[in-house]
Amino acid sequence: YRHSSQYRFWSFSKERLREKRVNTNKIAADTIYKNILDFKNQQDLTQEQLDVLDARTQPLSVDDELKLINFYAKKVQVISQHLNLPTEIIATSISFFKKFFLENSVMQYDPKSLVHTTIFLACKAENYFISVDSFAKKAKPNREAILKYEFKLLESLKFSLLIHHPYKPLHGFFLDIQNVLHGKVDLNYMGQTYDKCKKKITEAILTDVVYLFTPPQITLAILMIEDEALITKYLELKFSVNSEKKNNDTISFSTLLTIINDCKSFIQEEKSVSTDDARKIAAQNFFCQNPMDL
Amino acid sequence: NTIPRFKLDEKLYSDPFIKDLENRKEFVASGFRTDYVYERVLTEAFM
Amino acid sequence: EYTKEKKVGEGTYAVVYLGTKQSTGRQIAVKEIKTSEFKDGLDMSAIREVKYLQEIQHDNVIELVDIFMAYDNLNLVLEFLPSDLEVIIKDRSILFTPADIKSWMLMTLRGVHHCHRNFILHRDLKPNNLLLSPDGVIKVADFGLARAVPSPHEMLTSNVVTRWYRAPELLFGAKHYTSAIDIWSVGVIFAELMLRIPYLPGQNDIDQMEVTFRALGTPTDKEWPEVSSFGSYNKLQIYPPPSIDELRKRFIAASENALNFMCGMLTMNPKKRWNAIECLESEYFKEMPPPSDPSEIK
């Protein structure tokens with residue numbers, strides 16, 4: 001995992017993640033300020049017009065940007081589900097979209113114009129090839145709109161297209177729980193747990209946990225939300241078995257439990273963005289790039 | 001280093017989904033192996 | 001940072017230049033991906049090369065030094081590898097020994113094993129995709145057909161691997177194949193290194209089955225359960241598998257362990273075919289002569 005591009009390029013501490021967003025936002029905001037200033041100097045505006053400009057063309061704050069990104073990331077999920085794409089490809093689409101807007105600001109690229117491009121590239125990257133014409137037929141925009149930012153997207157992704165999602169670890173833990181708790185788990189119950197957790201993983205991928213934790217840690221956090229007793233028992237047994245072999249690379253149970261609970265609270269505290277909020281932020285985003293329209 | 005970092009014991013797993021695939025003609029003929037599937041998902045889990 | 005000094009090749013989706021990494025003076029190859037021609041945006045082969053080479057760092061897999069965009073073209077900066085096994089096999093003036101062959105097989109299998117333990121299928125192993133570095137190290141290259149090991153229920157296309165190196169399950173149109181297809185290709189390459197001529201040169205896909213089964217015997221349900229369920233099985237000519245004596249005659253220079261090693265990789269039933277670890281741990285690599293030191297090979 002440490003050799004993977006996901007670990008090398010896309011794993012951050014909370015602080016580093018915040019710092020990246022602040023930087024991305026600042027670069028775009030500085031451009032906005034400059035453009036608005038130029039606009040004011042070029043136009044002969046009344047005081048009232050200047051007041052409106054100042055009130056309605058402020059660049060987006062980092063938090064407002066994040067709301068808009070999350071709102072459209074949800075749209076990526078809905079549209080790719082609507083296209084009946086396999087679960088992992090939906091997850092890859094969401095991941096591509098979020099990463100693009102970690103490197104670029106919504107004030108530089110309209111998130112609407114990246115939604116389909118991220119899904120299209122995710123299909124290609126996951127060997128689920130759909131020609132752009134048939135894609136354009138199913139989705140809304142035309143082929144030029146889909147292809148317009150493909151290169152820019154690939155570059156923003158730092159050319160890392162292989163993503164480890166928490167789904168395979170879910171399958172792995174489904175098997176290993178049977179091994180460690182042999183004979184003590186009801187298989188039907190495990191099957192239902194598996195299905196519920198699979199859905200929850202897709203929700204979790206919409207949050208920042210994908211940057212802060214490894215896929216198996218996210219899976220264990222989701223399993224913990226689903227059935228705390230079962231997972232705690234599983235981990236206690238698994239690590240207590242190992243702890244007899246005092247070898248240097250034994251993962252410490254308490255450390256892992258802290259990480260899992262940290263991840264769990266991250267997933268649970270995530271709030272979705274209302275359409276109303278998104279609309280207001282999108283309007284501000286539009287006007288700060290198009291003061292003449294205002 | 002070819003020593004795996006975990007034990008894979010197929011007898012311990014009951015995976016109806018994989019068991020079903022294992023008996024299908026086109027899977028048997030293709031060389032489908034359940035141990036490869038288990039190894040893959042366990043590696044991703046323990047990674 | 002990178003120069004493109006000399007054009008050394010042109011494929012369907014890329015032009016390859018020799019160049020230099022300015023900051024270190026290191027010789028590199030720049031694979032410039034043509035983009036304008038493709039109506040579906042970035043070509044799938046380019047996507048696959050980028051996707052898998054980004055994840056693999058191994059001495060026996062070509063190194064992706066850097067990637068950059070320039071003038072709307074995607075450029076892959078790769079390590080400079082001046083030759084490949086196809087050149088070596090074809091050039092009669094080059095003499096090589098069983099120890100040399102052993103060294104090339106060891107390095108090839110280490111590279112293939114690394115792909116497989118990262119759950120990546122190469123799907124186009126052949127002599128001219130096994131490149132040689134200036135100090136004689138084999139590097140697996142060209143990941144334009146590679147893919148991640150699929151989820152169990154996923155269907156795969158059987159139209160992969162250059163024909164002469166295509167495993168029997170692919171010839172039958174299998175859709176749920178495994179990394180065993182890469183091992184078959186390595187087995188055919190091994191045979192070709194010993195014979196110095198292509199081992200299974202089919203003229204077309206049908207002939208490829210004919211050539212393969214005439215040389216190695218037509219598989220039956222007995223050793224390959226359900227092989228007869230493939231649609232194209234019934235039209236097959238039934239050939240007996242070669243006896244060990246026939247194989248000895250065909251591969252005169254091969255030791256018993258070498259023949260065993262080859263037969264392990266060319267086992268018809270993919271489920272029983274050796275995997276990369278079994279190959280690497282086989283007696284063939286333990287018996288004399290030891291594999292040559294790559295830098296010593298002429």
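Computed from a prediction, not measured in an experiment: that's the story for all the values here. All values below were derived from every heavy atom in this structure, side-chain atoms included, with hydrogens, water molecules and symmetry-related copies excluded. By convention in this document, chain letters (A, B, ...) are assigned in the order of the sequence lines, proteins followed by strands, and residues within each chain are numbered from 1.
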- Item | Contacting region of B:Phe6 [heavy-atom separation from chain A under 4.5 Å] | neither
- Message: Heavy-atom cut-off 4.5 Å, strictly under: side chain, backbone, both or neither for B:Leu8 against chain A?
- Response: neither
- Just by distance, do the side chain of A:Glu270 and the backbone of A:Thr207 share a donor-acceptor pair under 3.5 Å? no
- Can you check whether A:Pro166's main-chain N or O pairs, donor with acceptor, with A:Thr219's side chain at less than 3.5 Å? yes
- Item | Considering all heavy atoms, the nearest A:Ser131-A:Phe120 contact | C-CE1, 4.2 Å
- Message: Please check if the number of heavy atoms outside A:Tyr189 that lie under 6.0 Å from its OH is greater than 12.
- Response: yes
- Item | Over 12 foreign heavy atoms within 6.0 Å of NZ, A:Lys14 | no
- Item | A:Phe100-A:Phe96 aromatic ring centre distance below 6.0 Å | no
Report which part of [X] has an atom under 4.5 Å of a heavy atom belonging to chain B: side chain, backbone, both, or neither.
{"X": "A:Tyr167", "result": "neither"}
{"X": "A:His182", "result": "side chain"}
{"X": "A:Leu175", "result": "both"}

- Message: Using a 4.5 angstrom heavy-atom cutoff, name the option from A:Gln217, A:His164, A:His165, A:Met190 with the most pairs to chain B.
- Response: A:His164
- Return the option, out of A:Pro169, A:Gly183, A:Gly191, with the maximum number of heavy-atom pairs under 4.5 Å with chain B. A:Pro169
